[in-house]
Amino acid sequence: MRYSGFNVIKQALTGHKGWKPAWRDPEPKPSYDIIIIGGGGHGLATAHYLAKVYGERNVAVIEKGWIGGGNVGRNTTIIRSNYLLDGNEPFYEFSLKLWEGLEQDLNYNAMVSQRGIMNLIHSDAQRDAFIRRGNAMMLNGADAEYLDLAAIKREYPFLNFDDARFPIKGGLAQRRGGTVRHDAVAWGYARSADSHGVDIIQNCEVTGFRIENGKCLGVETSRGFIGAKKVGCAVAGSSGRLMAKADMRLPIESHVLQAFVSEGLKPVLPGVITFGAGHFYVSQSDKGGLVFGGDIDGYNSYAQRGNLPVVEDVCEGGMAIMPMIGRARLLRMWGGIMDMSMDGSPIIDRTHIDGLYFNGGWCYGGFKATPASGYAYAHLLARDTPHETATAYRFDRFRTGHMIDEKGMGNQPNLH
């Protein structure tokens, strides 16, 4: 059924008896043309675009848990396209444009809020670097605006301008950035994919791949073998464990990234703010909670929880720029498993096994990339050629030396 204001009024007047499940709960068929492993944002977006844009309807999304139970429901909801390098900026700008039309595309309220994002500047060298980034953004069709100290004070008067350890000297703003309701993204893509004929199969864990003569014929699951002409993997922080079942070792490590939300407060933050002298980012949810995070835990882990040293570091970052945050009570905290690549940029590519494809290595950029990742992955699966915005996201860049190291940190995944 199509959602609309008229439908809401109609259901209210008839006792809400006409609502239908958002998507079906089908039994898996013996085989499909395409199987997507991973029912998170990227897997569901891929299925949506495969069906709606590329006409591939004999598709299944296989999820070992439930829809929305992984990283897509465990992030800080920020969307932006403020990247520097040519390999990244066109892709993330494409993603931001897809976000802008997402609710109409899905017929679902994803609560897209383009409230803007501000990256604070704390040194002269950082100002030069951010102006360079802003120019690169504009060259790729994105918006960018440099704000001097006076402008920052007008827009963010609650920041610490008086005795800050790292004085604020300005900021780089992207007004089209903002936040999106993460759960709604998963539900909207799932509902749309289902409406186009895609089977969404929950509680179905992939236990192995059936590979013969260098070709992937399908997947072994907890509910039996399911055949496929093509298999696409999109499981974020579990990428290493999944691809090991195909005897592949990835240039990716898994780390936990913690996120936090405070008690509900009256509106205090006009948009997203990031700390330039440390790693801290914060926004305010529609329910009033301050949603914030920082660095990943520096050790490899598959746990969806972190440790106290990072909690302390994140809170120190918040106190450094807005001491008032120290008066808010923490409501809850959680962790998501990040698939950290060697150069800090993702991979959307075919593997050396015929019929097996991979999408991963998203580091911190997974949620904001959801629409473009799904679109580019769908293009690759349907056409066997990379999408024009994702041509740099290849496996062989590590062999040929064409890394996309946005932060200039080298091959140390926990620093990207």
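Predicted model, so just to flag it, every value in this text is computed and none were measured. FYI, the numbering just counts along the sequence from 1.
Of the possible polar contacts, none joining the N307 side chain to the P309 backbone as a donor-acceptor pair under 3.5 Å is found. The backbone N or O of Y299 sits nowhere less than 3.5 Å from a side-chain atom of D297 that would complete a donor-acceptor pair. Between the side chain of S192 and the backbone N or O of H48 there is no donor-acceptor pair closer than 3.5 Å. Using modelled atom types, no side-chain atom of S262 and backbone atom of A328 make a donor-acceptor pair closer than 3.5 Å. Judged by distance alone, with hydrogens and angles left aside, the side-chain atoms of S222 form a donor-acceptor pair with the main-chain N or O of E205 at under 3.5 Å. The main-chain N or O of R74 is never found under 3.5 Å from a side-chain atom of N71 such that the two would form a donor-acceptor pair. With hydrogens and angles disregarded, no donor-acceptor distance shorter than 3.5 Å links the side chain of S113 to the backbone of T179. When atom types are taken as modelled, the side chain of T351 and the backbone of I353 share a donor-acceptor pair closer than 3.5 angstrom. Checked by atom type and distance alone, the side chain of N107 never pairs as donor or acceptor with a backbone atom of R2 at under 3.5 Å. Between the D143 side chain and the R175 main chain, a donor and an acceptor come within less than 3.5 Å of each other.
Pairing each heavy atom of A110 with each of V180, the nearest pair is O-CG1, 3.2 Å. The shortest heavy-atom contact between V311 and M333 is CG2-CE, 3.5 Å. In terms of heavy atoms, A51 sits closest to V198 at CB-CG2, 3.9 Å. Among all heavy-atom pairs drawn from I67 and A190, the shortest one is CG2-CB, 4.3 Å. Among all heavy-atom pairs drawn from P90 and N140, the shortest one is CG-OD1, 3.3 Å. The two residues A164 and A320 make their nearest non-hydrogen contact at CB-O, 4.3 Å.
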If you apply the rule side chain to side chain contact (heavy atoms under 4.5 Å, CB included), what do you find for R181 with D286, and how did you get there?
CA-CA 9 Å; R181 172 70 184 181; D286 291 322; over 6 Å; no
List the steps, then state whether side chain to side chain contact (heavy atoms under 4.5 Å, CB included) holds for Y32 with I62.
CA-CA 12 Å; Y32 295 89; I62 298 177; over 6 Å; no
Determine, stepwise, if the pair S283 / T76 fulfils side chain to side chain contact (heavy atoms under 4.5 Å, CB included).
CA-CA 8 Å; S283 63; T76 50; 6.0 Å; no
Run the numbers on I337 and Q304 for side chain to side chain contact (heavy atoms under 4.5 Å, CB included), then give the verdict.
CA-CA 6 Å; I337 309 170; Q304 289 180 318; 4.1 Å; yes
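Ring geometry for W19 versus H16: interplanar angle under 30°, hence parallel rather than tilted (30 to 60°). H387 and H379 have perpendicular rings, their planes meeting at more than 60° on a 0 to 90° scale where under 30° would count as parallel. Using a 30° and 60° split on the angle between ring planes, W362 and Y393 fall in the perpendicular class, above 60°.
Taking the side chain as every heavy atom from C-beta outward, L159 and F161 approach each other to under 4.5 Å. Contact check for D162 versus N160: side-chain heavy atoms found under the 4.5 Å cut-off. Inter-residue side-chain proximity for V291 and Q284 is flagged as unmet; no heavy-atom pair is nearer than 4.5 Å. Residues D33 and K230 form no side-chain contact, since every pair of their non-hydrogen atoms from C-beta on lies 4.5 Å or further apart. Contact check for L44 versus W23: no side-chain heavy atoms found under the 4.5 Å cut-off. Between M342 and F398 the shortest side-chain heavy-atom distance falls below 4.5 Å. The closest side-chain heavy-atom distance from E103 to N109 is below 4.5 Å. When side chains are defined from C-beta on, Q11 counts as touching M1, because their heavy atoms get closer than 4.5 Å.
Environment of CG in L13: crowded, with over 12 heavy atoms of neighbouring residues, nucleotides or ligands closer than 6.0 Å. Atom NZ of K287 is surrounded by 12 or fewer heavy atoms from other residues, nucleotides or ligands within 6.0 Å.
Side-chain atoms of H182 and N75 include no donor-acceptor pair closer than 3.5 Å. Between the side chains of Y146 and R127, at least one donor N or O lies within less than 3.5 Å of an accepting N or O. Donor-acceptor pairing under 3.5 Å is lacking for the side chains of R223 and T221. Side chains of Y189 and D105: a donor-acceptor N/O pair is absent below 3.5 angstrom, by distance only.
R24 and D194 are joined by a salt bridge, as a carboxylate oxygen and a charged side-chain nitrogen come within less than 4.0 angstrom of each other. Between E93 and R176, at least one side-chain N (NZ, or NE/NH1/NH2) sits under 4.0 Å from a carboxylate O, which counts as a salt bridge. Checked for salt-bridge contact, R397 and D343 meet the test: a charged N lies under 4.0 Å from a carboxylate O.
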I'd like a table of donor-acceptor pairs (distance under 3.5 Å, sequence neighbours excluded) in which one partner is a side-chain atom from residues 232-254, with atom names and distances.
from : atom 1 : to   : atom 2 : distance (Å)
S238 : OG     : R241 : NH2    : 3.4
S239 : OG     : A236 : O      : 2.6
E253 : OE1    : H255 : NE2    : 3.0
E253 : OE1    : N300 : ND2    : 3.2
S254 : OG     : G237 : O      : 2.6

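Interatomic distance, D396 CG to H402 NE2, rounded to the nearest 0.5 Å: 9.0 Å. Put simply, CE on M340 and CD1 on I296 are 4.0 Å apart, with the number rounded to the nearest 0.5 Å. Separation of atoms CD (E263) and CZ (R329) is listed at 4.5 Å; rounding is to 0.5 Å. Interatomic distance, D199 CG to I36 CD1, rounded to the nearest 0.5 Å: 12.5 Å. Rounding to the nearest 0.5 Å places CD of Q114 at 6.0 Å from CG of L96. The line from CD1 of I321 to NE2 of H122 is 6.5 Å long, rounded to the nearest 0.5 Å.
Looking at E89, E145, E406 one by one, the single match for salt bridge (charged side-chain N to carboxylate O under 4.0 Å, His left out) with R133 turns out to be E406. For the side-chain contact (heavy atoms from CB on, under 4.5 Å) criterion with F158, the lone passing option out of I273, I325, V268 is I273.
Aromatic rings of F280 and F292 (six-membered ring for Trp) have centroids within the 6.0 Å cut-off, being under it. A centroid separation of less than 6.0 Å is found between the aromatic rings of W99 and F367.
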